[in-house]
Amino acid sequence: MDLSCTPEEEEFRARLRQWLTKVLPTLPAAPPPDDWPGRRAYDLGWQRMLYDAGYADVHWDASPTTRLIFLEETERAGAPYVGAGFVGLLHAGPTIAAEGTPAQRERWLPPILRGEEVWCQGFSEPGAGSDLAALRTRARRDGDHYVVTGSKIWTSHAEVADWCELLVRTDPDAPRHRGITWLALPMDAEGVTVRPLRTLAGSAEFAEVFLDEVRVPAAHRVGAENDGWRVTMVTLSFERGTAFVGEVVACRRVLGGLAREARRNGTWDDPALRRRLGRLDAEFRALWRLTQWNVSEAEAGGGVPGVGGSVFKLRYSHARQDLYDTAADVLGPGCLDLDRPWVLDRLSALSYTIAAGTSQIQRNIVAERILGLPRGR
C-alpha cells in the first residue's frame, strides 16, 4: 500500500505550515484549564480563524488524508487543540455530514465550522457503563416531538454546549441494539439539568445530564427511528479512527522531551529506561503508520473509518499510559508535583483505556469483526 502523499496534498501541507507560522504568534494566552467558559471562547475563536482561512472544513469535506495532514501539522506547530469543539468537529459533525439530511447538514454544520456552536456527547449512562446498548434513557413519540426522560454521565463539555448528540431508547421491546435512536438535543430545552463532574486532575470537562420530559423535535433525529445503533457506529468509527491522530503526534513530541530531561537529570544512565524510551518510540511510529493505513482504508470506503480504528484505539490507549508511567520514572519524586510538565497528563492518561470504548470492548470488536471469532455467550 502506498502511504505517500500526492503533490496536491504536499502543497496543502506547505501552505498550512506557512499559515500556522504566520498566525500562531498572534494568538492571545490560553485561559486556565478549569475556566471552561473562557476555554469555550478561546477554542471557538481559533475555529473562526481556521474558518476565515479556509481550513475549517477539513474534518468532513476533505479527504481523510488531507484531514490527517491537517491534524499532524497543527499539532506539530503547537496550534490550539479543538478543545470545546471536540465533539462537534470530530464526532457529531462528521456523523451529520455522513448520515444527516440536507436540511440537517445546512442547519448544524456551518455553525460548527464557524466556531459558533458547541456540542457535547450524551452516550454513556450510570447503569450502562461500557455496555452502550444497555442504555435506558427513554424517548416516546408525541406528535412531532420525542419526549425524553433519563440521565447521562461523562457528558463531554455539557456545561458549555449548545447541542448534544443523544442516544435514546425509542422501542423498549425491540432487541436492545435495534431500539435506539440518535437525536440532536438543544441543551437549553426545558427539563435539561447539567451537573459538572470534577476529574482526578481537578478539571470539570465532564458532567451529568438529567432529562425530565424534555421535548425534542422529531426533525432533530439523525437517521431512521430505531436505527440509532448503526448511526452510532458511524460516530464511534470517527472517534476511534481519526479523533486521536493529533495526540499521537503530541505523544511523539513528549517522548523527545522525556529523552532530553533524562539526559539532563541523569536517569538516561539507566539502560532499562533507555530501552523503554526506545520501545515507546517504535510503538508510536507504528501507531502513526497504522493511522495512515486506517486513513487509506477510509478513503477507499467513502470517508468513514472502519473497524481498524479499534485496533488503533486499543493500542494507543495503553501506549499513552506507558508513556506517562515512563515520564514518572524520569521525573522521580517530581512526578507528584502537579505543576511539573507531564504530571497532569499522566493523571488524564488513566482514563484512556475507558474513554471512547474500554479496552475490553475494543478487544471484542477486534475478535469478532476482524478475526471472525465467535461471539461470547
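Only this structure's heavy atoms are used, side chains among them; waters, hydrogens and symmetry mates stay out.
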Check whether Asp43 reaches the backbone of Ala84 with its side chain - one donor and one acceptor, N or O, closer than 3.5 Å.
yes
Just wondering, do Trp268 and Leu273 contact through their side chains at under 4.5 Å, heavy atoms?
no
Would a single hydrophobic cluster contain both Trp182 and Ile112, if residues Ile, Leu, Val, Met, Phe, Trp and Tyr are joined by side-chain heavy-atom contacts under 4.5 Å?
yes
Are Met49 and Leu16 connected in the hydrophobic side-chain network, where two residues link if heavy atoms are under 4.5 Å apart?
yes
Are any non-hydrogen side-chain atoms of Arg169 and Leu135 less than 4.5 angstrom apart?
yes
Which atoms form the tightest heavy-atom contact between Gly115 and Leu44, and what is the distance?
O-CB, 3.3 Å
Leu167 and Lys152, any side-chain heavy atoms less than 4.5 Å apart
yes
For Val330, does its backbone N or O pair with a side-chain atom of Asn265 as donor and acceptor, under 3.5 Å?
yes
Interatomic spacing from CZ in Arg289 to CZ in Arg285 - rounded to 0.5 Å:
9.5 Å
Please check if any side-chain donor atom of Glu208 sits under 3.5 Å from a side-chain acceptor atom of Ser151, or the reverse.
no
Exceeds 12 heavy-atom contacts within 6.0 angstrom, atom CZ of Arg138:
no
Euclidean distance, Tyr42 OH relative to Asp35 CG, rounded to 0.5 Å
12.5 Å
Which atoms form the tightest heavy-atom contact between Gly150 and Thr137, and what is the distance?
CA-OG1, 3.7 Å
Do Val23 and Trp46 have side chains that approach each other closer than 4.5 Å (heavy atoms only, starting at C-beta)?
yes
Look at the side-chain heavy atoms of Ile, Leu, Val, Met, Phe, Trp and Tyr, link any pair under 4.5 Å apart, and say whether Leu109 and Val82 land in one connected group.
yes
Got a sec, which pairs hit ring pair (Phe, Tyr, Trp, His ring centres under 6.0 Å) with one end in residues 132-160, sequence neighbours left out?
Trp36-His157, Trp154-Phe206
Classify the ring geometry of Trp229 against His177: parallel below 30°, tilted from 30° to 60°, perpendicular beyond 60°.
perpendicular
Taking it one step at a time, do Arg276 and Asp322 satisfy salt bridge (charged side-chain N to carboxylate O under 4.0 Å, His left out)?
CA-CA 9 Å; Arg276 289 178 68 183; Asp322 290 345; over 6 Å; no
Please verify the inter-ring angle class for Tyr55 with Trp19; under 30° counts as parallel, over 60° as perpendicular, anything in between as tilted.
tilted
Considering only NZ, NE, NH1 and NH2 on the basic side and carboxylate oxygens on the acidic side, decide whether Glu125 and Arg136 come within less than 4.0 Å.
no
Which heavy atom in Cys120 sits nearest to a heavy atom in Ser156, and how many Å separate them?
CB-O, 2.7 Å
Please round to the nearest 0.5 Å and tell me the distance separating atom CG of Leu166 and atom CE of Met187.
9.0 Å
Interatomic spacing from CG in Leu277 to CZ in Arg275 - rounded to 0.5 Å
11.5 Å
Return all side-chain donor-acceptor pairs below 3.5 angstrom for residues 251-258, not counting sequence neighbours, or 'none' if the list is empty.
unit_1: Arg253; atom_1: NH1; unit_2: Glu75; atom_2: O; d: 2.9
unit_1: Arg253; atom_1: NH1; unit_2: Glu75; atom_2: OE2; d: 3.1
unit_1: Arg253; atom_1: NH2; unit_2: Glu75; atom_2: OE2; d: 2.8

Salt bridge (charged side-chain N to carboxylate O under 4.0 Å, His left out) between Arg15 and Glu11, intermediate numbers included
CA-CA 6 Å; Arg15 178 162 40 88; Glu11 188 276 331; 3.2 Å; yes
Is it true that atom CZ of Arg178 has more than 12 heavy atoms of other residues, nucleotides or ligands lying nearer than 6.0 Å?
no
Does the salt bridge (charged side-chain N to carboxylate O under 4.0 Å, His left out) test come out yes or no for Asp162 and Arg40, once each step is laid out?
CA-CA 11 Å; Asp162 304 290; Arg40 172 190 161 114; 3.1 Å; yes
Hey, is CZ on Arg340 packed in by over 12 heavy atoms from elsewhere, all under 6.0 Å?
yes
Closest approach of Glu283 to Ala319 (non-hydrogen atoms, all atoms of both residues):
CG-CB, 3.7 Å
I want to check something: taking the side chain as every heavy atom from C-beta on, are Val194 and Thr155 in contact at a cut-off of under 4.5 Å?
no
Given 3.5 Å as the limit, does a donor-acceptor pair link the side chain of Gln104 with the main chain of Arg221, or not?
yes
A side-chain contact here means heavy atoms from C-beta on lying under 4.5 Å apart; do Pro80 and Leu24 qualify?
yes
Between Gln47 and Ala56, what is the shortest heavy-atom contact and its length?
NE2-CB, 3.4 Å
Would you indicate whether the side-chain heavy atoms of Val222 and Leu183 approach each other to under 4.5 Å?
no
dist Tyr81:OH -> Leu89:CG (nearest 0.5 Å) comes out at 10.0 Å
What's the verdict on side chain to side chain contact (heavy atoms under 4.5 Å, CB included) for Ile180 and Thr170, showing C-alpha distance, side-chain angles and the deciding distance?
CA-CA 6 Å; Ile180 294 171; Thr170 42; over 6 Å; no
For Pro94 and Gly88, the nearest pair of non-hydrogen atoms, with its separation, is CD-O, 3.9 Å
Begin with the C-alpha distance, continue with both residues' side-chain angles, and end with the deciding distance and a verdict on side chain to side chain contact (heavy atoms under 4.5 Å, CB included) for Val192 and Leu211.
CA-CA 5 Å; Val192 177; Leu211 307 163; 4.0 Å; yes
From CD (Glu165) to OG1 (Thr232), nearest 0.5 Å:
8.5 Å
Test Leu197 against Ile153 for side chain to side chain contact (heavy atoms under 4.5 Å, CB included), laying out the working first.
CA-CA 9 Å; Leu197 295 169; Ile153 198 167; 3.9 Å; yes
Are a donor atom and an acceptor atom from the side chains of Glu117 and Trp163 found within less than 3.5 Å of each other?
yes
From CA spacing to verdict: side chain to side chain contact (heavy atoms under 4.5 Å, CB included), Arg48, Asp52:
CA-CA 6 Å; Arg48 181 68 199 205; Asp52 290 340; 3.1 Å; yes
Any side-chain heavy atom of Trp119 sitting closer than 4.5 Å to one from Ile96?
yes
Could you state whether Leu20 and Leu50 fall into the same hydrophobic cluster, counting links through intermediate Ile, Leu, Val, Met, Phe, Trp or Tyr residues with side-chain heavy atoms under 4.5 angstrom apart?
yes
Give a yes or no on whether Val118 and Leu185 share a hydrophobic cluster (residues Ile, Leu, Val, Met, Phe, Trp, Tyr; joining criterion: side-chain heavy atoms under 4.5 Å apart).
no
